[in-house]
S.K.: 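For reference, the structure I am asking about is given below.
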Amino acid sequence: MLNRLQVLIQRSFLAADKLFNACFGPRLNPLYHLGAISYFLLWVAIATGLYLYVFFETSVANAYASVESMTHGQWLVGGILRSLHRYASDGLVLGMLLHLIRHFAFDHYRGFRWFSWISGVLLIWLVVASGVNGYMLPWDRLSQYVVTATTEWFDVLPLIGGAMTRNFITNENVTDRLFSLLSFIHIGLPLAVLAVLWIHTQRTPGARTSPPKPLMIGIMGSLLTLSLVKPATSLAPADFATLPATVELDWFFLSTYPLIDIWEPITAWLLILGTTLILVVLPWLPPRRARHLPTRSLSGNAVYEPKTTWNVAVHPDDRMFDVHFGETLLDAGLREGLALPYECRNGGCGVCKATVLHGEVQLQPYQESILPAAERAAGKILLCCAEPLTDIEFSYVPLPDTKSLPMKQHEACVTCLECLGPDVMRMNLHLVSGEGLKFHAGQFINIILDDGAKRSFSFATAPPHSGDTEQIELHVRWIPGGRFTTEVFTSMKVGDNLRFEGPVGAFTLREESNKPIIFVAGSTGFAPVKSMLEYAFSKGLRRPMVLYWGVRTRADLYLYTLAEGWAREQENFTFVPVLSEPAPSDAWTGRTGLVHEAILHDFPDLSTHQVYACGSAQMVEAVRPAFVEHGISSDDCFSDAFHLAAQRPLAGSHADMVTLGGRDV
């Protein structure tokens, strides 16, 4: 039942979107800006309400007269502003309801979105309560009806037990104190709305609180036209000695009041409280979205086991972040501070179009004309509609002159400097702030020098299972003439402080595949491999893994014993060291030559393997074409070079490769 209702409303919205796109264009489609339009209407209602409050008399004798004076005595200002206040408030309720219904239809209320959903339900009731209270203030026949019906409605509650009827619905008991109370409530409720609205908005990354200017102008023009054609006016003055024969209801705010007349008040309470309860628990009611929403993966009808979070790598930012279950790639990226391009957030404009480089996504419904089938087959997606089925890597084209938020910087203290070889130093860092750092195996940090220059070094240990760590291990290779590495080997000491930014990089282990893995490490390219291998061992990955570590001499195998120990302890791991220029003193009897030639000798057919290449840009440039010639898929060849799309080549400057894992140039 719930499934069918969602699909029906969803199709209605998609049809309306298509029509409105044709009329207004995707970027000005009001159905794509319901939240921002509601924000705008709230400000219009507040601004006009403040003016009206200045001239409103909070007394029994003068309330009605003061409203009439504003409406007719200063018609050009007060009368129009009163009408604007009324119609902006009506539009606010309509916008919020459509916003809520749209999120329900597209299943944007489950999982991590539950808080936004419940706070949205609370906002609607606060706005309705504020509007109902507002209709009590003009003190005309409609005010009399609203006050009478409200008191009768509340009097059935055990805690009140008729007290409101005895005190509020006779001429003798209506005093100036009542109007002061009503005015106080009419000020307090909007303040509560603003407070809850601020919390509600903070939960939505990149939420826009203002619609496009053409929409604002159009909305204001419509409100003004409506105010002139059908101005808001009062009925006759309130008189509790008689009952009003008829009243004209505002159905946006007073739609439940006829139920109080038709049914018993307690029945109306049960209906409204029951509806509210259903809305509150809706995020946890079956059926689960993974089973009932029409979703499509890029490669067909594959079924994927649900996870709590997925890892996402994005280019050209070279950043990684987590995406929660039910969260789109756009929402997750904006939450991370990336300047991803977007406009409608509903699959109608195409501004957030991107390319999947690796992994699978499911796409929520969108306008087919924006993303044709040919583009989907080529790996194109809409970030605002894409939810991951596996770990994802994607690329996008940044908007001109758009900058992402600066990467967070950290301060760390050097706790260990240990020579692992003639030109390799193990450097351990401890975060000074005590704040944990979350990283993925294979990522790196940028050490920031005094003049702002940066030096990149990969994490050399696996991330802890808890997700955060205060300890960092780096392998620093001395580069003759290198500014930072020379300092590390000559003058740096334990206790020195460093600044760095990160984690950075999208070179991480793809866990969703079952293919055997070949790791290729050159020199200190062993550091990210060590991180990934230790992570794989700790996770219990049973895929066959082999490490080819290519160096010049035996002394360059600075953690040879560690790698040999892995080979003895892990049944699915093999270690193959390769020396290109062994010295006579090495007495080397193992493999020699170029490391990629050793791999191709052992694996002439790479079509069923994954390869992770870690080292200098020159090494990566040498091994990649050779591996492709021997059958490796572009989707299965990964590199630790900056801006190198390991799955599909990126065009232009994004394809440039820069050494990772320890560089000082």
S.K.: Would a 4.5 Å heavy-atom cut-off, applied to side chains only, mark Leu92 and Phe252 as touching?
M.R.: no
S.K.: I need the single residue from Lys454, Gln409, Glu501 that forms a side chain to side chain donor-acceptor pair (under 3.5 Å) with Asn446. Which is it?
M.R.: Glu501
S.K.: Parallel, tilted or perpendicular: which describes the rings of His99 and His200, with under 30° parallel and over 60° perpendicular?
M.R.: perpendicular
S.K.: Going by the rule ring pair (Phe, Tyr, Trp, His ring centres under 6.0 Å), which residues pair with Phe13 if we only count those two or more places apart in sequence or in a different chain?
M.R.: none
S.K.: How many angstroms lie between atom CZ of Arg82 and atom CG of Leu52, to the nearest 0.5 angstrom?
M.R.: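 With rounding to 0.5 Å, CZ (Arg82) is 8.5 Å from CG (Leu52).
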S.K.: Determine which pairs satisfy side-chain hydrogen bond (donor to acceptor under 3.5 Å, both in side chains) with at least one residue from residues 272-281, sequence neighbours left out, and list them in order.
M.R.: Trp125-Thr276
S.K.: Among residues two or more places apart or on two chains, list those pairs meeting salt bridge (charged side-chain N to carboxylate O under 4.0 Å, His left out) that have a residue in residues 27-53.
M.R.: none
S.K.: Do the ring planes of Phe459 and Phe439 sit parallel (below 30°), tilted (30 to 60°) or perpendicular (above 60°)?
M.R.: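 Ring orientation, 0 to 90° scale: parallel.
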S.K.: Could you give all pairs that pass the side-chain hydrogen bond (donor to acceptor under 3.5 Å, both in side chains) test and reach residues 222-232, with sequence neighbours left out?
M.R.: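 side-chain hydrogen bond (donor to acceptor under 3.5 Å, both in side chains) check on residues 222-232 returns no pairs.
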S.K.: Would you say the side-chain atoms of Asn29 pair up with the backbone N or O of Gly25, donor to acceptor, closer than 3.5 Å?
M.R.: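 No, the answer is negative, given that no donor and acceptor are paired below the 3.5 Å cut-off.
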S.K.: Once salt bridge (charged side-chain N to carboxylate O under 4.0 Å, His left out) is applied, what residue pairs with a partner in residues 84-95 remain, sequence neighbours excluded?
M.R.: Arg86-Asp90, Arg86-Asp250
S.K.: With Phe115, which residues qualify under ring pair (Phe, Tyr, Trp, His ring centres under 6.0 Å), at least two apart?
M.R.: none
S.K.: Aromatic rings Tyr109 and Trp117: how do their planes relate, parallel, tilted or perpendicular, breaks at 30° and 60°?
M.R.: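 Tilted.
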